[in-house]
Structures are given as C-alpha cells and as structure tokens.
Amino acid sequence: MKAIRLHAFGGPEALSYEEVPDPLPGAGQALVRIEAVGVNFIDIYRRTGAYPVELPCTLGSEAAGTVAAVGRGVAGVRLGDRVAYQGTLGSYAGLAVVAAERLVRLPEGVGARQGAAAMLQGMTAHYLACTTRPLGPGDTCLVHAAAGGVGLLLCQIARMRGARVIGTVSTPAKAALAREAHADDVILYAEQDFEAEVRRLTGGAGVQVVYDSVGRTTFEKSLRCLAPRGTLVLFGQSSGPVAPFDPQLLSQRGSLSLTRPSLTHYVATRAELLARAGEVLGWVREGRLVLRVGAELPLEHAAEAHRRLEARATTGKILLIP
Ligand code: NDP
C-alpha cells in the first residue's frame, strides 16, 4: 500500500509518499481500507516533533473506510462494515490497523468523507460545548479561529445549546463562513482588538466561556474577556505554546477557571466514544450539523495540506484521499 511516512521531524517536506507492506490485523484489531483521511492540526505538531511520536511512522490519526479483515476475538465490527475512527496513528495510508474497540460504525446516509471529517473535530466540538463546560441559554461564548475545523462545528453546537456565540477569524471570507455556522457576531482579530470588541458586544460584562485553540497570541486577552467566574478552555496552540503564568491571575480577574482538555480523556471508554460519536454522526445525518470540507487532496499531496493549514489558508476540514 501507499503511505505518508515520517523519518525525521521537520517541515512539510519531511513527509514522504512511499510504498510499504500491507499491515495485518492482530488479536482485537481490524484492518480498515481507507477511503478518506482527516487532516488535523495535531498532525503538524507530530511532524515537527512538538508532540513526540516514535520514528519512523505513518502520520495521521483519523480516517473512514471499510473493514477489510479482522483479527482474532473481534466482536464489535464485521468484514464490510463502514467505519470511522480517530486517535490511532497511521491513517495517512491506503490501509490501517485499528483496535476494533476504537472503531465506530457509520450510520446509514453518512459517507466515508463525512465520517473522516466528523470524528476528531466533531467530537472535540461536542465535548467542549456539552461536557467540559456545558453551554446553555444565558451563556455567551467566544470561539477563536471560528472558521477552522473545530471552530465551525463548535459555533453550530454552541448555538444548538442556546448560547450566544462570538467568533474570531482572520479574514472577511472566514467571517462569512463563521456567520453561516451561526456565530452571532464575528471579530476580525487580525485587525480589531478582540478584547475591546468582546467588551463592547457584551455591554462590558464579558463572556462566560472562551474556547481558545490559538494559544500564544490570544491567551492573555482571552482571560481578560471573561466575566467573573468564567472559564477559559485552552484546547490548542495553533500560534504556539502559552508562556508559563501565575495562577493568582485567575483570582484577580474574577475567580476564573482554566482547563486544558484533550479529546483522549473525553472518549476514553467505548461507551463514551459510542455515545459522543453517535450524537455527532446523528446530527450530521439529520443535517443539524453541517460539515464543511474546505479542501480535498490526493494522499500524496499531504505536504501541501500541511502547508495550507500552517499558513491559515484553510477553512473547515481538509481531507486526503488515498
Ligand atoms: P484549524 O482549522 O482551526 O486551523 C487553525 C486555525 O488557527 C487557522 O485556520 C487560523 O484561523 C488560526 N490561527 C491563528 N494563529 C495561527 C497561526 N499562527 N498559525 C496557524 N493558524 C493560526 O485547525 P483544527 O481545527 O485542526 O485545530 C484547531 C486547534 O485545536 C489546534 O491547535 C488543535 O491542535 C486543537 N485541537 C485540540 C483538541 C483537543 O482535544 N484539545 C482536539 C482537536 C483540535 P484564522 O486564520 O481565522 O486565525
């Protein structure tokens, strides 16, 4: 099979399209014939070595396709099942071996492309809005990078739960997409001071929750956008890691809470994985959650996908097709 291999950490040019032996499923594992691969920001952190992975490796951790073989003792999935998954390294490939208990069957009417676009970013948006700090009517939240993969989905789910949504984006074209995803207000944070805008839009009150995936360039101002007892959910670092900070600031700024969650801990059991994925894929099937695939490239063009994501030149999801 063909795969995108990483032999040394580096820039997009470190991604190499190679022929490798087909993998075989062991006990408890299934072999998935991949039809669509999800590209995520975490793939960049792994490529650069910011998040450690053992080398050499096949990059990527999200895909959807069909079960092509199963190992011993597999009960939950069968040959020919249409499945999706996230969280297992090795998805930038034609085939992948995945623990059967991490696979989710795609519901009737949801295709492989939608499955690959929904698993990682969809379940992330779901746990952020529904579990980490469950949003409800009366809440206002600030969503940074609102036209991004997680961003567009988070805006929609936050609104579904009755919250008011303020988004930040870098360009007018991205602002239009965030509005389509039901953001009530959108701030062009490359030109406008988002802290001042949030204060203006909330009549000085601030917001109950900030969802910050940008990190270094937004973190301090994000804290200053919160109403007393508000929550800063720092869930990414697209602009770089946040500098160390003094927890006393949380008290001074109004008994704030700070959390740094990771999807892994919100789908740790099979029951939680199935419940969360089931709700997300159900919304997709019903048309309540709209997945925007901003770009679809052949697998061999993985480096180009990374370049676009790092250059802030993408919206919604990027898929690679083997
Ligand atoms: P996005 O599609 O959101 O892409 C990143 C976006 O961040 C860009 O489009 C850009 O939007 C914005 N951005 C701001 N500054 C920079 C910068 N210096 N370089 C690049 N982008 C920048 O990516 P994802 O949806 O895949 O992921 C978003 C973040 O969420 C990532 O940090 C990712 O690691 C994290 N994440 C965390 C999870 C968790 O469970 N903790 C799970 C999933 C994702 P704009 O142009 O509008 O500024």
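Whatever order the structure lists ligands and atoms in, that order sets their numbers, starting from 1.
- With a heavy-atom cut-off of 4.0 Å, Lys317 does not touch ligand 1 at all.
- Atom-to-atom distance recorded for Arg72:CZ and Gln29:CD is 10.5 Å, nearest 0.5 angstrom.
- Protein heavy atom in closest approach to atom 47 (O) of ligand 1: Ser170 N, 3.1 Å.
- Not a single heavy atom of Arg216 sits less than 4.0 Å from an atom of ligand 1.
- Those atoms of ligand 1 with a heavy atom of Val169 less than 4.0 angstrom away are 47 (O).
- Salt-bridge annotation for Glu108 and Arg285: absent, with no side-chain N of the basic residue lying under 4.0 Å from a carboxylate O of the acidic one.
- Protein heavy atom at the shortest distance from atom 19 (N) of ligand 1 is Ser238 O, 3.3 Å.
- Between Tyr127 and Tyr266, the ring planes are parallel. Angles under 30° get that label, and only those over 60° would be called perpendicular.
- Less than 6.0 angstrom separates the ring centroid of His144 from the ring centroid of Phe194.
- Side-chain contact between Ser61 and Arg46: present, with at least one pair of heavy atoms (C-beta onward) separated by less than 4.5 Å.
- In summary, Asp139 and Arg161 do not engage in a salt bridge, as defined by a charged side-chain N under 4.0 Å from a carboxylate O.
- Checked by distance only, ligand 1 and Lys174 come closer than 3.5 Å through their nitrogen or oxygen atoms.
- Every atom of ligand 1 with a heavy atom of Arg260 under 4.0 Å away is listed here by number and element: 41 (N).
- Side-chain atoms of Arg276 and Thr131 form a donor-acceptor pair, as typed in the model, at a separation below 3.5 Å.
- With respect to the salt-bridge test (charged N to carboxylate O, under 4.0 angstrom), the residues Glu62 and Lys317 qualify.
- Among all protein heavy atoms, the one lying closest to atom 1 (P) of ligand 1 is Gly149 N, 3.7 Å.
- Closest to atom 39 (C) of ligand 1, if we only count protein heavy atoms, is Tyr127 OH, 3.3 Å.
- Residue Gly148 has at least one heavy-atom neighbour below 4.0 Å for each of these atoms of ligand 1: 1 (P), 2 (O), 3 (O).
- Contact atoms of ligand 1 toward Ser239: 15 (N), 17 (C), 18 (N) (distance under 4.0 Å to a heavy atom of the residue).
- Between Pro261 and ligand 1 there is a heavy-atom distance shorter than 4.0 Å.
- Looking from atom 6 (C) of ligand 1 to the surrounding protein, the closest heavy atom is Ala145 CB, 3.9 Å.
- Atom 32 (O) of ligand 1 has as its closest protein heavy atom Tyr45 OH, 2.8 Å.
- Within a 6.0 Å radius of CZ in Arg78, no more than 12 heavy atoms belonging to other residues, nucleotides or ligands are found.
- In this structure, Asp184 does not pair ionically with Arg164, as no charged nitrogen and carboxylate oxygen lie closer than 4.0 Å.
- If you look at Thr315 next to ligand 1, there are no close heavy atoms at all, none under 4.0 Å.
- Using a non-hydrogen distance threshold of 4.0 Å, Thr217 does not register as a contact of ligand 1.
- Considering only non-hydrogen protein atoms, atom 29 (C) of ligand 1 sits nearest to Ser213 CB, 3.4 Å.
- Electrostatic pairing of Glu195 and Arg200 does not count as a salt bridge here, judged by no charged N lying under 4.0 Å from a carboxylate O.
- Contacts with ligand 1 closer than 4.0 Å are made by no heavy atom of Ala147, backbone or side chain.
- Heavy atoms of Thr124 found under 4.0 angstrom from ligand 1 belong exclusively to the side chain.
- Of the candidates Tyr266, Phe235, Phe41, it is Phe235 that places a heavy atom closest to atom 35 (C) of ligand 1.
- With respect to the salt-bridge test (charged N to carboxylate O, under 4.0 angstrom), the residues Glu19 and Lys2 qualify.
- Protein heavy atom at the shortest distance from atom 25 (O) of ligand 1 is Val150 N, 2.9 Å.
- Ligand 1 has an N or O atom lying under 3.5 Å from an N or O atom of Leu263, backbone or side chain.
- Once rounded to the nearest 0.5 Å, the distance linking CG of Leu142 with OG of Ser222 reads 6.5 Å.
- Nearest to atom 20 (C) of ligand 1 by heavy-atom distance, out of Arg312, Glu62, Gln121, is Arg312.
- Close contacts between ligand 1 and Glu310 involve ligand atoms 19 (N), 20 (C) [criterion: under 4.0 Å to a heavy atom].
- Thr58 and Arg5 are linked by a side-chain donor-acceptor pair at a separation below 3.5 angstrom, with hydrogens and angles left out of the test.
- Below 4.0 Å from some heavy atom of Gln237 lie the following atoms of ligand 1, by number and element: 32 (O).
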